[in-house]
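We use all heavy atoms of the structure for the numbers below, so side chains are in, but hydrogens, waters and symmetry mates are not. Throughout, residue positions are numbered sequentially from 1 according to the sequence presented.
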Amino acid sequence: MKRIDSYIFRKFIGTFVYALSLILIIVIVFDISEKMEDFISKKAPIKAIIFDYYFIFIPYFGNLFRPLFTFI
């Protein structure tokens with residue numbers, strides 16, 4: 001791989017990961033604020049919320065938004 005190719009690739013991957021992580025953080029904050037009442041009313045433990053719900057939630061939305069952020 002030539003030097004210019006690696007530079008362009010690094011810039012693309014950096015921007016892609018940065019934009020995708022920002023949107024995922026925003027989606028997680030909105031989801032937590034939306035479902036907080038349900039979590040409290042059903043007395044869900046924090047460990048179950050994080051490991052059972054959000055470990056599946058994050059890759060799902062990451063794959064959902066990945067094609068969009070490829071063009072950004």
Exercise. Any link between Ile58 and Leu22 through a network of hydrophobic side chains (Ile, Leu, Val, Met, Phe, Trp, Tyr) touching at under 4.5 Å?
Worked result: no
Seminar exercise, completed: Nearest heavy-atom contact between Asp52 and Ile56 is O-CD1, 3.5 Å
Exercise. Rounded to the nearest 0.5 Å, how far does CZ of Phe71 lie from CZ of Phe16?
Worked result: 11.0 Å
For this session: Any chance you could pull the hydrophobic cluster mates of Phe30, using side-chain heavy atoms under 4.5 angstrom and chaining through other members?
Result: Ile26
Problem set entry | Residue pair Phe61 / Ile23, side-chain heavy-atom distance below 4.5 Å | no
Exercise. Got Ile46 and Phe51 here, is their nearest side-chain heavy-atom distance under 4.5 Å?
Worked result: no
Problem set entry | Distance (rounded to the nearest 0.5 Å) between Leu20 CG and Leu64 CG | 10.0 Å
For this session: Write down the atom of Phe57, the atom of Ile28, and the distance for their closest heavy-atom approach.
Result: CE2-CG1, 3.9 Å
Exercise. Is Leu68 reachable from Ile25 through a run of I, L, V, M, F, W or Y residues, each pair having side-chain heavy atoms under 4.5 Å apart?
Worked result: no
Exercise. CD1 of Ile32 to OH of Tyr53: how many Å apart, nearest 0.5 Å?
Worked result: 9.5 Å
For this session: Please check if atom OH in Tyr7 has more than 12 non-hydrogen atoms from other residues, nucleotides or ligands closer than 6.0 Å.
Result: no
Problem set entry | Contact summary for Ala19 and Phe69, nearest pair of heavy atoms | CB-CD2, 3.6 Å
For this session: Verify the cluster assignment for Val27 and Met36: are they in a single hydrophobic cluster under the rule of side-chain heavy atoms below 4.5 Å apart?
Result: yes
Exercise. Would you call Lys42 and Asp38 a salt bridge, using N to O less than 4.0 angstrom?
Worked result: no
Problem set entry | Spacing of OH belonging to Tyr60 relative to OH belonging to Tyr54, to within rounding of 0.5 Å | 14.5 Å
Seminar exercise, completed: Output for pair (Phe12 CZ, Thr70 OG1), nearest 0.5 Å, gives 5.0 Å
Exercise. Does atom OH of Tyr18 have more than 12 heavy-atom neighbours, drawn from other residues, nucleotides or ligands, at distances under 6.0 Å?
Worked result: no
Exercise. Above 12 or not: heavy atoms from other molecules or residues under 6.0 Å from CD1 of Ile13?
Worked result: yes
Exercise. Given Ile8 and Lys11, is the side-chain contact (heavy atoms from CB on, under 4.5 Å) satisfied, shown in steps?
Worked result: CA-CA 5 Å; Ile8 292 171; Lys11 287 294 183 181; 5.8 Å; no
